[in-house]
Amino acid sequence: MRLTHQLLRRRFFSRSVHEVAPELIGAMLLFNGAGGMIVEVEAYHHTDPAAHSFGGRTARNAVMFGPAGYAYVYRSYGIHWCLNFVCEGEGSASAVLIRAIEPREGIAAMRRRRGVRDERLLCSGPGRLCQALGIAGVHNGLALDAPPFALHARSDEPAVVTGPRIGITKAADIPWRYGLKGSPFVSKPFR
DNA sequence: ATGAAGATGAAT
DNA sequence: TTCATCTTCATC
């Protein structure tokens, strides 16, 4: 893989979550050398009733209230782990949920951790991609610009599509899911 | 102490 | 469509 493109630093994430989310489409996410291109994300602004931080600071969402550029990892449905990138200024408590990546690096390790061969089933979904990359609760609060994380800016501007979010009951109609147009690696098709 | 809901995924 | 699985948070 060519690493000619820029590493995403804290400044990249220190902006509105609605600017950062679409710009993450096409970026490269690596964790301990395994990962791929981000093809689907969801924006969670603190004013959004569906955001974990909406009801105020708790033990679980504390990282969301910290500075931008850190990983917020939480347990979903008692079984899965989900990865977010904290954005905006400290105290804003807004983040982007990483929902799917197109596998590029460390595919053998991903298959081993996931127990499936089909590349479309490796990282297409927030729980799946965490399992494939080996991301878990112990990684909550880690900086995104230092190992084991490595995030690289996209070199071209891809075609981005939007739609309502997945698995949301409150504010389900808010179209803050962003995806790479035509990608077969999104967790659910855009329409 | 208890209970209901939950930013999911896999099987049926 | 059902269900596994369990943390989190509000309520009693």
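Proteins come first, then strands; the chains are lettered A, B, ... in the order of their sequence lines, and each starts at number 1.
Distance NZ (A:Lys188) to P (B:dT8): 8 Å, rounded to an integer number of Å. We find that OH of A:Tyr77 is positioned 16 Å from P of B:dA4, with the value rounded to whole Å. If you measure from atom NE2 of A:His52 to atom C1' of C:dT7, you get 11 Å, rounded to the nearest angstrom. If you measure from atom CG of A:Leu121 to atom C1' of B:dT8, you get 14 Å, rounded to the nearest angstrom. Between A:Arg57 atom CZ and C:dA10 atom C1' the separation is 19 Å, expressed in whole Å. Rounded to whole Å, atom C1' of B:dG6 lies 10 Å from atom CD1 of A:Ile168. We find that CH2 of A:Trp176 is positioned 14 Å from C1' of B:dA7, with the value rounded to whole Å. The interatomic distance linking A:Asn84 (CG) with B:dG6 (C1') rounds to 14 Å, in whole Å.
As judged by a 4.0 angstrom heavy-atom cut-off over every strand, A:Arg128 is placed among residues touching the sugar-phosphate backbone only. A:Ser187 comes within 4.0 angstrom of nothing in the nucleic acid, heavy atoms only.
An OP1 or OP2 oxygen of C:dT5 is reached within less than 4.0 angstrom by no side-chain nitrogen or oxygen of A:Arg75. Neither OP1 nor OP2 of B:dG9 sits under 4.0 Å from any side-chain N or O of A:His80. Put simply, A:Thr169 has a side-chain N or O that comes within less than 4.0 Å of OP1 or OP2 on B:dG6.
Side chain A:Tyr74 to base B:dA7: a donor-acceptor pair is found below 3.5 Å.
With the nearest nucleotide of DNA chain B identified for both A:Arg114 and A:Glu42, A:Glu42 has the one nearer the 5' end.
The backbone N or O of A:Arg10 sits less than 3.5 Å from a side-chain atom of A:Ser14, completing a donor-acceptor pair.
For B:dA7, the base is stacked against the aromatic ring of A:Tyr44, per a cut-off of 5.5 Å between centres and 30° between planes.
Taking a cutoff of 4.0 Å between a charged side-chain nitrogen and a carboxylate oxygen, A:Arg154 and A:Glu23 do not qualify as a salt bridge. Classification of A:Glu40 and A:Arg177 as a salt-bridged pair holds, one side-chain N sitting under 4.0 Å from a carboxylate O.
Checked against A:Phe13 for a ring-ring contact (aromatic ring centres under 6.0 Å, His included), the options A:Phe149, A:Phe85, A:Tyr70 give a single hit: A:Phe85.
Checking C:dC12 for Watson-Crick or G-U wobble geometry (two distances, each under 3.5 Å) identifies no partner in any strand.
Between A:Tyr44 and A:Ala51, the shortest heavy-atom distance links the atoms CD2-CA, 3.9 Å.
If you check B:dA7, C:dT7, C:dT5 against the side chain of A:Ile79, the one that comes closest is C:dT5. Ranking B:dT8, C:dT8, C:dT7 by closeness to the A:Arg60 side chain, first place goes to C:dT8.
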